[in-house]
Amino acid sequence: MQGGMFPMDVRVRYAPSPTGLQHIGGVRTALFNYFFARSQHGVFILRVEDTDQGRSTPEALQDLYDTLGWLGVKWDEGPLVGGPHGPYIQSERFGLYQEYAKKLVDDGKAYPCYCSESRLAQLREAQTAAKSKEQGYDRHCRNLTAEQRTRYEDQGIKPVIRLKVPLEGSTTFHDVLMGDITRKNRDVNPDPVLLKSDGFPTYHLANVIDDHLMKITHIMRAQEWIPSGPLHVLLYEAFGWKVPTYCHLPMVMGKDGQKLSKRHGSTSVKEFREKGYLPEALTNYVSMVGWSYDGVKEFFTKDELETLFTLEKINKAPGVFDYKKLDWYNGMYIRAKSDSELAQLLTPYLIQASFVSDPPEQEHVSLIEKIVPIVKERLKVLSDVVDMTRYLFKDLPAPKIEELLPKNQDAATTVRALRKALPIVKRIGTRPDEELEQEIVSIANEMGIKINGIFMPIRVAVTGSTVSPPLFDSIRLLGLDTALLRLERAVTILSHQMGN
RNA sequence: GGUCCCUUCGUCUAUCGGCUAGGACAAGAGAUUCUCAGUCUCUAGAGAGGGGUUCGAUUCCCCUAGGGACUACCA
């Protein structure tokens with residue numbers, strides 16, 4: 001089965017740090033890795049990079065699991081499912097990084113640094129003030145004598161371990177999309193920290209060690225990592241390891257061309273989920289920013305993406321996340337649902353709005369079934385159902401006169417129109433819409449007013465809004481009694497107005 | 001500031017040297033004898049600028065401009 005078609009044993013990973021909710025950019029990376037693995041009959045690995053003890057939280061970890069679960073992204077190796085190269089949570093591999101860091105020090109590829117945070121802060125400040133070309137660490141501890149080191153050790157200073165970046169030469173790495181990227185070694189971070197003083201590795205160290213140990217073949221990550229590519233290659237070389245294939249993914253931007261952030265709107269998958277975006281819509285849309293199949297086909301099931309996805313079709317340029325287009329996709333996917341599926345999806349939102357109980361009473365279950373066909377083509381997101389159907393579940397505040405009055409139509413005319421329409425409304429249950437509508441039209445013609453001169457006040461009276469699902473259906477769902485009550489109230493309000 | 005990356009309609013994209021530059025979202029117009037939505041039809045809208053290479057450049061090369069990312073004991 002393997003062999004000819006997929007000669008390379010593809011192993012890729014999504015390696016987020018659980019420091020916040022999973023966001024659009026992150027899941028796009030996860031999705032691309034996952035699709036690539038599937039399309040190549042390879043292995044998709046999840047690895048949790050929780051080496052920042054200050055920022056990692058259990059909530060964020062849970063959100064990671066929830067999000068991937070919601071999207072239907074299953075990892076072949078990783079936390080919860082295990083695998084031959086575990087553990088897959090970096091904090092559980094704590095000792096390992098220290099061993100490897102020590103090895104680097106022993107080999108003269110890295111060194112302990114005793115500089116205090118305050119010295120580094122001062123250094124940084126001085127550099128920015130002087131607009132110095134030299135930015136970053138000044139390699140103060142690079143060539144400490146054994147004697148100097150023991151003196152620091154005796155003071156009880158816990159050192160960090162820094163990589164000895166070569167002072168000369170340059171480092172090149174190959175990127176599937178970008179081609180060769182070369183950087184002079186003197187432009188690489190001057191001796192970045194590998195192991196922090198709390199004993200945890202930095203991203204650079206942990207990521208290289210784990211990718212090697214987990215036999216990762218392709219590193220697909222966001223383009224923001226390009227600048228540290230040469231540094232990672234230097235690390236692989238220091239260890240004497242094979243460098244994996246890189247594929248830096250274009251970034252996801254906001255409308256203003258900056259990295260997508262909260263200022264642009266929702267960015268966490270959780271928010272999208274809560275608003276009522278469907279996982280298939282989000283997956284489909286997110287996959288289309290930075291990747292395309294042929295520029296024409298735009299609907300892809302997850303299964304299709306798992307076979308059609310190719311690295312070659314990934315775009316190089318960053319892409320703007322278009323909320324409107326996501327809405328469009330979501331609407332399309334909502335309309336593709338069967339009525340009963342949609343009823344199931346909508347129910348939680350009605351429960352949350354306390355329109356119905358949890359679980360809904362039988363009477364409400366059948367009402368929801370009837371609601372579905374009239375809201376289906378109007379929903380952008382599932383939560384829209386709440387505002388759309390409030391009038392069916394809740395008492396309405398008395399409508400205001402201005403809302404009741406159509407444009408260019410006075411109260412007296414409106415009251416007359418309403419009264420004439422009343423008998424029609426009363427027979428609503430037994431007549432087809434076309435007939436009812438025809439009768440309304442006749443009245444309007446008789447009175448010499450616009451059709452909306454009748455429809456609109458009824459709509460406002462019954463639904464409390466100038467925007468609503470079709471009127472006759474709305475009244476049927478509401479029930480004739482309630483509808484008539486609301487109409488009478490409207491007539492009363494308008495009559496009052498006439499008296500003034 | 002330094003380093004690196006990017007550049008086709010407002011947005012996502014197609015084009016692997018032959019283009020009357022295609023599609024989708026958004027926008028605008030119309031139709032659907034109730035609003036909104038949906039659906040259908042139509043309209044407008046692009047290869048940053050300048051040099052090369054070539055019979056021919058959106059496509060290849062160079063420069064300029066613009067944008068972005070990175071520059072932490074964060075990832």
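Residue numbers start from 1 in every chain, and the chains themselves are labelled A, B, ... in the order their sequence lines are given, proteins ahead of strands.
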- Would you indicate what A/Q258 reaches in the nucleic acid, counting non-hydrogen atoms under 4.0 angstrom: base, sugar-phosphate, or nothing? sugar-phosphate
- Query: Reckon A/R55 has a side-chain N or O less than 4.0 Å from the OP1 or OP2 of B/A75?
  - Reply: no
- Pick base, sugar-phosphate or nothing for A/S228, based on heavy-atom distances below 4.0 Å to the nucleic acid. nothing
- Message: Once you apply a heavy-atom cut-off of 4.0 Å, does A/P469 come out as touching a base, just sugar-phosphate, or nothing?
- Response: base
- B/A27 and B/A48: how far apart are their C1' atoms, nearest whole angstrom? 23 Å
- When all nucleic acid strands are considered with a 4.0 Å heavy-atom cut-off, which category describes A/K313: base, sugar-phosphate, or nothing? sugar-phosphate
- Taking atom C1' in both B/C6 and B/U13, what distance in whole Å separates the two? 16 Å
- Message: Whether A/D138 and A/R119 form a salt bridge (side-chain N of Lys/Arg under 4.0 Å from carboxylate O of Asp/Glu) is what I want to check.
- Response: yes
- Query: How would you label the contact of A/T466 with the nucleic acid (heavy atoms, under 4.0 Å): base, sugar-phosphate, or nothing?
  - Reply: base
- Message: What's the gap between B/C61 and B/C5 when it is taken at their P atoms, as a whole Å value?
- Response: 13 Å
- Mind checking A/Q135 for me? I need base, sugar-phosphate or nothing, with any heavy atom below 4.0 Å counting as a touch. base
- Query: Looking across every strand, which nucleic acid part, if any, lies under 4.0 Å from A/N207 by heavy atom: base, sugar-phosphate, or nothing?
  - Reply: nothing
- Interatomic distance at P, B/U43 relative to B/A21, whole Å: 16 Å
- Message: Work out how far the C1' atom of B/C19 is from that of B/C25, and round it to whole angstrom.
- Response: 24 Å
- Any N/O donor-acceptor pair, A/K380 side-chain to B/A37 base, under 3.5 Å: no
